[in-house]
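Before any comments, here is the structure.
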Amino acid sequence: MAEPLGDWTRTHTCGALRADDVGVESVLLGWVHRIRDLGGVTFIDIRDREGVTQVVVRENEALMNAAKRLRSEHVVGVKGVVQRRSDDTVNTKLATGEVELLVRELRTLNEARTPPFQIAEDSPVSEEVRLKYRYLDLRRPRLQYNIGLRHRVTMAVRRFFDANGFWEIETPILAKSTPEGARDFLVPSRIHPGEFYALPQSPQIFKQILMISGMDRYFQIVRCFRDEDQRADRQLEFTQIDVEMSFARPDTVYGVIEPLMQQIFKEIGRDVTVPIRRMPYAEAIARYGSDKPDLRFGLAIADVSDVFRDADYRVFKEIVAGGGVVRGFAVPGGNRYTGSQIKALVDQAKQMGLAGLMWVRPGEPPVSAVKGLNEATLQRALAQADARRDDLLVMAAGAADGTSKLLGQLRLVIAKKENLVPADSYALLWVTEFPLLEYHEEDGRWYSMHHPFTSPLDEDLDRLESDPGSVRAKAYDLVLNGSEIGGGSIRIHDARLQARLFRRLGISDEEARVRFGFFLEALEYGTPPHGGIALGVDRIVATLAGESSIREVIAFPKTANALDLMAGAPSPVDARQLRELHLKPQG
RNA sequence: GGGGUCGUAGUUCAGUUGGCUAGAACGCCGGCCUGUCACGCCGGAGGCCGCGGGUUCGAGUCCCGUCGACCCCGCCA
């Protein structure tokens with residue numbers, strides 16, 4: 001039976017009491033964490049967000065009876081006196097473990113049904129059950145920590161930007177659809193039949209306009225929406241730290257974001273060394289087969305094409321002669337692999353799409369999968385790939401980017417399988433000089449790799465029409481442990497260049513006007529050079545929390561199937577609502 | 001859109017080749033216990049084996065469909 005709180009005021013949280021408080025009268029309010037009923041004495045652990053405190057009920061029959069009726073997760077208030085625990089009963093696992101509260105009054109403020117899973121521990125529970133009872137899961141230590149960490153990170157971000165002259169400015173959630181890019185979430189307009197707002201995929205155009213508006217330095221911790229399929233690191237709605245600066249070069253952006261990352265990592269007690277390493281996109285692809293290389297471990301890919309240009313191995317020789325490459329990397333400790341282990345590796349590679357995987361085992365003489373290769377060739381390959389005595393060199397041949405990308409995937413698989421990823425380590429990296437454009441075979445046109453407002457590198461600009469694939473952009477990604485946690489660019493601030501780029505993208509002047517007319521017009525009213533970046537809060541916090549899914553750092557996430565299992569969204573709506581919005585169900 | 005893993009007490013799981021009267025641990029309920037802190041001890045309740053079909057003398061187990069969770073590919077300017 002629930003009792004009123006009455007005139008009780010909380011004097012301490014459940015994480016507050018210390019030896020200094022002995023003798024103090026205290027009121028604690030919280031949930032029943034655990035009960036240990038020993039017959040003549042009952043210990044109750046009371047929990048709130050700040051911690052757990054042990055309270056003791058004894059000697060008072062009415063209190064003892066009341067305590068008997070308590071169950072896990074009931075909400076209680078206790079009033080009593082703080083007393084020191086005897087030396088042999090101090091609990092060093094609790095921050096409050098030197099003291100306990102001797103209860104004089106007990107109020108059951110609310111009862112609780114038996115929860116579907118244990119709250120007091122992070123015992124394993126299926127994600128389905130956890131998501132349905134998210135409010136209970138959020139009480140457990142793991143999510144309490146994660147959500148608290150997220151709060152500390154976003155607060156650190158706000159403090160940082162405020163201290164550095166940035167204004168937090170809100171941009172519309174009901175925005176205009178820009179079909180380029182991800183699928184938009186559409187919101188039907190009641191007032192304008194047949195017309196729609198779109199939820200922002202990012203506030204890109206608005207923040208650029210804010211630069212035109214002379215806001216100079218902007219940031220926003222902002223929700224973005226993309227109606228695409230989910231992943232462990234992707235939700236329909238996610239949160240970005242959106243940043244834009246006037247008069248910025250890439251270095252200006254790095255110079256702001258690097259100390260920001262230092263502040264963020266401080267929240268988990270980690271230092272970040274600045275400047276953060278930088279690597280051009282082309283190198284990332286060649287050496288790691290990825291535009292977001294995980295640099296917590298080695299296994300860098302080496303090009304050994306030269307070794308095979310004239311070697312007695314027709315397959316590789318012909319590939320190299322045809323403009324292809326031979327690339328590979330050394331697997332640390334791979335020299336001790338048994339034949340079946342190597343076969344498993346080769347099978348793995350084939351499954352991932354490599355035509356074949358050649359291997360060389362160092363030794364005197366080296367042993368190779370391919371017969372007829374002379375020792376000198378093998379030694380040269382081993383040396384070129386920097387393979388050590390106990391390594392195993394694996395190589396593949398084919399087109400440069402494709403081969404590296406597949407080797408890059410193999411690299412990740414092997415690193416994971418061989419435990420080569422150091423626990424508790426963080427590797428930050430700027431990937432720079434992304435290509436401006438990429439060609440899509442399906443419709444035979446060029447698309448922006450980042451977005452159509454990205455500025456080309458000045459020195460590549462004259463190839464925009466003649467060799468668009470070779471034009472690099474003033475675009476950069478921030479990579480943490482092989483995960484893309486941010487991306488940005490210097491923008492085009494010249495209306496003529498912007499129009500030229502739209503033409504390159506096959507967007508007619510007419511089409512550009514319909515889609516971005518207001519923005520193109522704005523560009524003509526004195527746009528400062530500007531640029532910025534957007535960082536993924538969910539991914540950053542997940543990595544800092546050691547979580548592999550961003551669902552663990554979002555209070556109310558959706559499932560991979562885009563459902564909110566707790567609230568039951570999405571759901572059908574009344575016919576009346578549809579009518580007001582001028583919508584008709586299909587079929 | 002495609003591929004993979006999974007679905008059995010409240011929870012996490014076990015359940016050989018089809019033979020089950022479906023088990024364990026934790027949780028839950030009752031009792032005992034005056035220094036526990038994952039308290040301990042004794043006892044008890046609890047199952048549409050996700051759902052719908054099929055094969056079979058017989059299905060938790062095999063087959064088909066479906067729903068749901070997770071992972072991956074496509075997709076994510």
Side-chain angles (χ1 to χ4, degrees), chain A residues 33-47 52-59 64 68 71-73 83 85-94 96-97 100 102 112-133 136-137 178-184 201-202 204-205 224-236 238 351-353 409 412-413 434-438 440 442 445-454 473 475 484 487 489 501-502 505 507 515-516 534 536 548-549 551-552 557-563 565:
Chain A
H33 189 64
R34 263 195 199 93
I35 304 174
R36 291 174 296 280
D37 180 355
L38 274 63
V41 58
T42 298
F43 299 97
I44 306 163
D45 293 336
I46 300 187
R47 182 196 71 236
V52 171
T53 301
Q54 171 169 287
V55 306
V56 194
V57 175
R58 63 194 306 171
E59 280 152 12
M64 297 287 284
K68 278 245 183 313
R71 294 293 181 270
S72 288
E73 301 307 312
Q83 60 183 25
R85 299 202 200 185
S86 66
D87 287 350
D88 57 325
T89 61
V90 165
N91 186 347
T92 53
K93 282 187 258 173
L94 284 184
T96 58
E100 63 195 6
L102 182 62
R113 292 168 60 179
T114 301
F117 50 84
Q118 285 167 261
I119 310 298
E121 323 176 11
D122 283 322
S123 51
V125 180
S126 77
E127 208 169 340
E128 199 170 352
V129 175
R130 290 175 54 206
L131 288 170
K132 180 171 177 196
Y133 298 96
L136 297 179
D137 198 24
T178 52
E180 200 103 347
R183 195 175 296 114
D184 281 326
Q201 299 174 25
S202 85
Q204 184 60 37
I205 290 180
C224 303
F225 305 85
R226 292 179 189 176
D227 188 6
E228 298 291 349
D229 287 351
Q230 321 275 293
R231 286 286 192 286
D233 61 353
R234 271 162 39 190
Q235 286 267 308
L236 300 179
F238 59 100
Q351 212 178 359
M352 290 174 35
Q409 289 170 30
L412 294 178
V413 170
F434 272 76
L436 182 71
L437 304 162
E438 54 189 351
H440 283 209
E442 315 88 77
R445 56 160 278 204
W446 292 90
Y447 282 86
S448 293
M449 196 156 181
H450 188 50
H451 56 54
F453 316 110
T454 305
E484 181 200 327
S489 63
L501 197 82
F502 279 141
L505 291 171
I507 298 173
R515 284 207 224 158
F516 308 113
S548 53
S549 165
R551 290 187 301 275
E552 303 299 343
K558 288 174 184 59
T559 69
N561 201 20
L563 299 173
L565 292 183

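All values reported here derive from a predicted model rather than from experimental measurement. First the proteins, then the strands, lettered A, B, ... as listed; each starts at 1.
Between A/D45 and A/R36 there is a salt bridge, since at least one side-chain N of the basic residue sits less than 4.0 Å from a carboxylate O of the acidic one.
Using a 4.0 Å heavy-atom cutoff across all strands shown, A/R551 reaches sugar-phosphate atoms only and no base atom.
A straight line from CD of A/E128 to P of B/U11 spans 10 Å, rounded to a whole angstrom. Counting to the nearest Å, the P atom of B/C76 and the CZ atom of A/R231 are 11 Å from each other. Atom CD1 of A/I35 is separated from atom C1' of B/C33 by 16 Å (rounded to the nearest Å). The CD1 atom of A/I44 sits 17 Å away from the P atom of B/U36 (whole-angstrom rounding). Between A/Y133 atom OH and B/U12 atom P the separation is 12 Å, expressed in whole Å. Atom P of nucleotide B/U36 and atom NE2 of A/H33 are separated by 18 Å, given to the nearest angstrom. Whole-Å rounding puts the A/H440 NE2 to B/C76 C1' distance at 12 Å. Atom CD in A/Q409 sits roughly 18 Å away from atom P in B/C71 (whole-Å rounding).
Distance from the side chain of A/E228 is smallest for B/C76 among the nucleotides B/C33, B/C76, B/G1. When the nucleotides B/U11, B/U36, B/A69 are ranked by their closest atom to the side chain of A/L38, B/U36 comes out on top.
Side-chain contact, A/N561 with A/T559: no donor N or O sits under 3.5 Å from an acceptor N or O.
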Quick test: give all pairs of protein nitrogen or oxygen and nucleotides 2-4 of chain B nitrogen or oxygen below 3.5 Å, distance rounded to 0.1 Å.
none

Pick out the pairs of N or O atoms, protein on one side and nucleotides 22-28 of chain B on the other, that lie under 3.5 Å.
| unit_1 | atom_1 | unit_2 | atom_2 | d |
| --- | --- | --- | --- | --- |
| B/C26 | O2' | A/Q118 | OE1 | 2.7 |

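A gap of 48 Å separates the P atoms of B/G1 and B/A45, to the nearest Å. The C1' atoms of B/C41 and B/C6 are separated by 38 Å, rounded to the nearest whole Å.
Ring-base stacking between A/F117 and B/U11 is not satisfied when judged by a centre separation under 5.5 Å and a plane angle under 30°.
Summary of the strand contacts: A/R85 and A/R183 both lie near RNA chain B, and taking for each the nucleotide with the nearest heavy atom, the more 5' one is attributed to A/R85.
Listed pair A/T559 / B/G68 fails the phosphate criterion, with no side-chain N or O lying under 4.0 Å from OP1 or OP2.
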